[in-house]
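Here's the structure, in structure tokens; my notes come after.
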2 protein chains.
Amino acid sequence: MVTLKQLAKELNVSISTVSKALNNSEEIGEETVKRVKELAELYNYKPNKVALSLKQNKTKTIGVIIPDILNHFLAKVLFGVEREATKYGYNIITCISNESLEQEKESLRLLANGSVDGFILCLAEETQVKNEIEHFKKTISQGLPIVMFDRVAHDVLCDKVIVDDFDATYNATKSLLLEKRKNIVFISTLDGISVGKLRERGYRKAILETNTFEPLVLKIKKKDDQQKKIMSFFKKNTTIDGVIAADSSSGIIALNTGVKLGLKVPKNMSVIAYASKSDSFHTIPKLTTIRQHAKEIGANAAQLLINRLQNKSIEIDVKTKIVKTTLIKSKSTL
Amino acid sequence: MVTLKQLAKELNVSISTVSKALNNSEEIGEETVKRVKELAELYNYKPNKVALSLKQNKTKTIGVIIPDILNHFLAKVLFGVEREATKYGYNIITCISNESLEQEKESLRLLANGSVDGFILCLAEETQVKNEIEHFKKTISQGLPIVMFDRVAHDVLCDKVIVDDFDATYNATKSLLLEKRKNIVFISTLDGISVGKLRERGYRKAILETNTFEPLVLKIKKKDDQQKKIMSFFKKNTTIDGVIAADSSSGIIALNTGVKLGLKVPKNMSVIAYASKSDSFHTIPKLTTIRQHAKEIGANAAQLLINRLQNKSIEIDVKTKIVKTTLIKSKSTL
DNA sequence: ATGAAAGCGCTAACAC
DNA sequence: GTGTTAGCGCTTTCAT
């Protein structure tokens with residue numbers, strides 16, 4: 001990489017002259033500016049990012065810590081963050097916590113050495129289960145702002161972007177009740193994390209309000225054979241006529257299992273799941289989904305963080321932004 | 001963040017003494033080392049990453065450019081890269097090209113300013129279609145090594161990690177022929193990219209070798225309604241008894257469409273697709289898949305790059321590593 | 001055993 | 001209009 005020094009030497013001027021010329025300073029003569037710019041162009045000069053970071057004490061880099069990159073929702077949020085960050089000239093360094101508290105701490109520690117200006121993160125499951133938040137507080141007190149999304153720690157004072165999980169599930173359940181469904185099951189693999197709990201509560205509220213039915217919940221562990229679990233559940237509960245799935249794979253499998261058992265979907269059974277467009281397009285009939293607008297969640301998180309970074313002097317109040325889900329009706333509901 | 005300067009001041013010693021003490025230099029007195037380390041611990045001192053990068057002229061950061069983060073395969077490769085890189089103390093900066101040549105160039109340009117020590121990337125579709133490679137060559141000539149994976153540019157001299165697409169598809173097709181399938185269709189949405197072509201060729205070779213059947217290929221464009229295309233294709237070609245899908249969604253939809261049309265899978269029709277474990281677990285019956293071992297691809301790419309970075313003086317020959325796929329037989333084949 | 005000084009690449013306040 | 005200098009945080013060579 002060419003440096004200012006080399007350009008200066010070749011042009012027989014000082015380093016600062018070159019620097020000023022390239023930064024369009026008024027101080028430098030027109031002719032000099034021209035010569036400098038031409039040579040810089042020729043050698044494809046690019047200011048060294050590291051030197052700039054050191055000088056300006058900011059890296060224009062955001063640390064993103066997510067629990068699982070293979071989760072389509074989280075990947076999509078990452079996409080949203082990346083796109084928004086790029087728009088503002090920020091890069092993102094991605095770390096994957098693998099749902100582990102230890103790895104989450106480690107990533108935070110490793111990047112809090114001047115590598116990044118701030119963090120966007122989604123809590124690891126273990127972090128939520130153990131309810132540890134000290135590492136977040138410490139990071140923030142070091143002057144590195146954090147924006148949490150989806151799975152957040154309410155006791156940490158920072159910006160947050162969340163989804164209306166409770167309301168969305170409540171409303172989805174309501175919509176099945178309006179279809180006169182009388183035996184709606186809630187299926188979930190997300191028992192450990194906050195959003196899983198919120199979704200279950202939304203479902204329960206809707207069911208309990210009917211004063212007629214009892215909630216019916218099927219929880220599946222990560223290590224279970226999901227197809228078997230759902231199949232045997234359906235065989236035991238033959239009157240199931242509606243499914244609310246807290247995650248896409250439960251929804252997809254429930255739908256396929258229903259079809260396999262000869263149920264007409266949606267005639268005999270409706271299915272709604274938290275899932276993406278592509279999930280919906282893969283099932284026959286196409287799945288009715290609760291969409292979380294992951295990209296917007298990511299974009300919002302990036303905006304909140306960048307906004308905070310660029311107003312460092314002024315203390316801004318912490319904000320919590322709710323990105324509302326949308327129920328996209330498709331062919332798996334009436 | 002605490003700096004050496006601050007520690008030095010507080011301890012009434014020089015900056016270099018502190019630096020040496022923390023780096024366990026023999027030169028410094030035992031007592032001093034102890035005092036320094038204690039204070040550093042107290043203040044939670046961490047060497048500033050940016051300053052180190054500037055000094056040592058390397059960032060211990062890898063730039064990863066992928067065309068699409070929502071592609072499960074690519075996300076998994078990213079995961080593999082991240083894990084391997086972390087193991088060796090490298091961070092990764094992720095850029096998403098969105099299958100666009102322009103964005104790919106831009107990402108390369110933006111990070112080639114000292115932000116990263118090298119690149120791991122998968123070519124954007126547009127890059128492959130237009131066959132542009134100048135930006136790669138330029139980057140490499142600037143001293144930034146590149147490792148390409150999956151979709152690679154054969155005319156660029158650099159390390160590569162690829163999959164045995166041709167052989168794998170050939171063998172998968174063979175295995176359906178062994179099942180006495182007589183009307184096997186190849187379905188793909190990957191027409192523009194190298195791996196899509198290789199897969200098609202592998203299929204064609206196997207079919208042509210039979211000297212009995214003609215290849216039958218269904219190509220689907222990204223913007224098409226995939227379900228409709230496949231459904232109408234199946235209705236027109238009622239004797240289809242085997243499917244080789246170049247991508248997971250074609251495979252999943254083909255299987256579901258077969259079931260929908262009343263075909264018994266695998267009795268009447270077998271389906272094999274390039275897809276992941278989770279895709280396989282979502283269909284009923286479970287999909288037989290060609291697994292690409294994305295994580296290993298990522299890990300291999302990271303190893304190749306890090307190896308090259310750490311032997312910068314010695315010119316090593318470029319390597320192409322082939323990560324073999326595995327055909328995982330499940331319930332969608334006999 | 002400790003410290004001073006140079007230098008990585010850059011910007012900017014301050015000479016001249 | 002151009003150059004000198006200091007400094008961002010760190011390591012390392014070379015004095016002392």
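Proteins get letters first, then strands, A, B, ... in listed order; numbering begins at 1 in each.
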Problem set entry | Residues that A:Glu27 engages under side chain to side chain donor-acceptor pair (under 3.5 Å), provided they are two or more places apart | A:Lys20
Problem set entry | With sequence neighbours excluded, residues passing side chain to side chain donor-acceptor pair (under 3.5 Å) with B:Asp159 | B:Arg308
Problem set entry | A:Thr17 side-chain N/O to D:dT2 phosphate OP1/OP2 under 4.0 Å | no
Under-3.5 Å N/O pairs linking protein and nucleotides 13-16 of chain D:
from	atom 1	to	atom 2	distance (Å)
D:dT13	O4	B:Lys20	NZ	3.3

Problem set entry | Pairwise distance CD1(B:Ile62) to CG(B:Leu121) - rounded to 0.5 angstrom | 12.0 Å
Problem set entry | the helix from C:dA1-D:dT16 to C:dC16-D:dG1: angle between end helix axes, five pairs per end, rounded to 10 degrees | 60°
For this session: Could you tell me whether A:Thr3 contacts a base, only the sugar-phosphate backbone, or nothing, with contacts defined as non-hydrogen atoms closer than 4.0 Å?
Result: sugar-phosphate
Looking at [X] and [Y], does any basic side-chain N land under 4.0 Å from a carboxylate oxygen?
{"X": "A:Glu41", "Y": "A:Lys37", "result": "no"}
{"X": "A:Glu38", "Y": "A:Lys34", "result": "yes"}
{"X": "A:Arg35", "Y": "A:Glu31", "result": "no"}
{"X": "A:Arg109", "Y": "A:Glu106", "result": "yes"}

Exercise. Quick one, which residues of residues 48-60 of chain A touch DNA chain D with a heavy atom under 4.0 Å?
Worked result: A:Leu54, A:Lys55
Problem set entry | Residue pair B:Cys122 / B:Leu74: nearest heavy atoms and the distance that separates them | SG-CD2, 3.9 Å
Exercise. Who passes salt bridge (charged side-chain N to carboxylate O under 4.0 Å, His left out) against B:Arg151, sequence neighbours left out?
Worked result: B:Glu99
